[in-house]
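Atoms within a ligand are numbered from 1 in the order they appear, just like the ligands themselves.
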Amino acid sequence: MTTALTPVTATDADDLSVWPASTARLPHGGLAVGGVSLAEVAESFGTPAYVLDEGEVRARCRAYRDAFPGADVLYAAKAFLCRAMVRWIDEEGLGLDVCSAGELELAVTAGFPPDRVVMHGNAKSPGDIESALRLGVGRIVIDGPSEIARLAAAVGPHGRQRVMVRVVPGVSAGGHEKIRTGTDGQKFGLSPTDGSAQHAIARLLTQPQLQLVGLHCHIGSQITDTEPYVAALRRMVDLMAQVRDLHGLVLPELDLGGGHGIAYRPGEPALGLTGLARRLRTELDERCAAAGLPVPRLAVEPGRAVAGPAGVALYRVLSVKSTGDQVFVAVDGGMSDNPRPALYGVRYAPRLVGRHSTAGSREATVVGRHCEAGDILAAGVGLPGDIRPGDLLAVPVAGAYQLSMASGYNMVGRPPAVAVHGGRARLLVRRETLADLRSRDVGA
Ligand code: LLP
């Protein structure tokens, strides 16, 4: 069976709605991001490559600051971190959420103020805790009962560390089962339903080395609806009222985590930032008034919504193959730089850049170069019927949880990160070379 050729329509190939705001069309099918032609980035830095639009990252940080005045906005470093990103986040006035000594040390050695850092982790290593205390992080989020005595001992008799408690508010939300963290029965946080949150809080308050400043929750990731956040907020305020009643302690801070969903393809829903902010503010004011609590300082921890839409992945087509009724377009990257389709079934919208094609659109499956059939970057996408080896494909919304989750699979080396801004491209993180891989292999 042959696949019919249909004219390329404005909706499938020309819709740039999920691309960075700076994206501009160039003659002959070119695209520029941050004033730089993507074809030129590919020429200069090779492929695969991850392009990060500095202006888009900064604009997203500002949008958060504007939407949440009087709240702390902490960028979740796990989405993507490098020293330039640290500087942008710092300059835009955000804080940072880290979950390892690695993320923390990178941020602080790049000049990020440690008091604006919150450290998370369901299983913090001795190294994580040592690093957090030595560098002086603002807050450590307690995720389990065994951490309390351990952390208090590490702080020592003369120190005092501000901490929060991660609570599971019993709200199920998130784009995939693997990234839902708001209910009992998963590894994060302490439940108020079975009393373990209350128990941990009571124990914490007996430790003079630890100063409990607030509660934290993170219900999941890639959430596109405000209601789960509202439900979580209510549970959290209820628990804050319980803490006040039981211990006479009014907690000054409430961190509602991240998880704000974005569109990966045109037409997909995204969480509206201003709507979320307004709703949370009203709900927080009302709920606190009803409970007779002063309104705590709010914090949010977006990762994906800051970095995701600012990134574009560039791949070179290596082979085009028709098998049965399917066309496989294989590129020079894949699940080692983007495990997300394999892990969470995410669908991306790649497009041809740098060449104008007059061929009609044909359905294709964009696959990677790795040695398994599940190495699919995008299934059932419309690409020009004359797509061929040497063509350049660009995948938008590639800035979060791709490079940061890249692996050493098949020893192809991790791609570079390239910043584009004001018509200039500059290397942020260089490509991992075969020499890098060999140099770690020190056995005989
Ligand atoms: N705060 C905490 C405590 C978190 O665990 C996370 C994400 C965030 C904030 C930021 O969530 P975001 O705004 O980026 O959704 N690898 C998965 C996502 C895992 C998210 C883990 N925690 C993915 O590629 O979809």
Heavy-atom donor-acceptor pair, Asp128 side chain to Ala101 backbone, under 3.5 Å: yes
Winner among Val300, Ile179, Asp143 once heavy atoms are compared against atom 19 (C) of ligand 1: Ile179
Residue and atom name of the nearest protein heavy atom (relative to atom 16 (N) of ligand 1), distance in Å to one decimal: Tyr344 OH, 2.8 Å
Polar contact flag, side-chain donor to acceptor under 3.5 angstrom, Tyr50-Asp337: yes
Donor-acceptor pair between Asp285 and Thr282 side chains, under 3.5 angstrom: no
Any Gly259 heavy atom less than 4.0 Å to ligand 1: yes
Gln222 and His260 side chains, donor-acceptor separation under 3.5 Å: no
For Pro302, atoms of ligand 1 separated by under 4.0 Å from a heavy atom: 13 (O)
Where ligand 1 meets Ala76 - atom numbers and elements under 4.0 angstrom, heavy-atom basis: 8 (C), 9 (C), 10 (C)
Tyr348 and Arg340 side chains, donor-acceptor separation under 3.5 Å: yes
Nearest neighbour in protein (non-hydrogen) for atom 8 (C) of ligand 1: His218 CE1, 3.4 Å
Exercise: do Glu56 and Ser22 side chains pair donor with acceptor under 3.5 Å: no
Quiz item: cation-pi between Arg116 and Phe112, 6.0 Å / 45°: yes
Arg166, Arg340, Met405: member with heavy atom nearest to atom 24 (O) of ligand 1: Arg340
Sidechain N-carboxylate O distance under 4.0 Å for Asp375, Arg369: no
Protein heavy atom at shortest distance from atom 22 (N) of ligand 1: Lys78 CD, 3.6 Å
Donor-acceptor side-chain pairing of Gln209 and Gln161 below 3.5 angstrom: no
For His260, atoms of ligand 1 separated by under 4.0 Å from a heavy atom: 13 (O)
Proximity flag Ala79 to ligand 1, non-hydrogen atoms under 4.0 Å: no
Protein contact to atom 14 (O) of ligand 1 [nearest heavy atom, distance to 0.1 Å]: Tyr401 OH, 2.6 Å
Option whose closest heavy atom lies nearest to atom 3 (C) of ligand 1, chosen from Arg304, Glu301, Gln402: Glu301
Atom 15 (O) of ligand 1: nearest protein contact (heavy atom, Å): Ser221 OG, 2.3 Å
Distance-only side-chain donor-acceptor flag, His120 / Glu301, under 3.5 Å: yes
Distance filter under 4.0 Å to Asp97 heavy atoms, resulting ligand 1 atoms: 1 (N), 2 (C), 9 (C)
Enumerated ligand 1 atoms positioned under 4.0 Å from heavy atoms of Gly303: 12 (P), 13 (O), 14 (O)
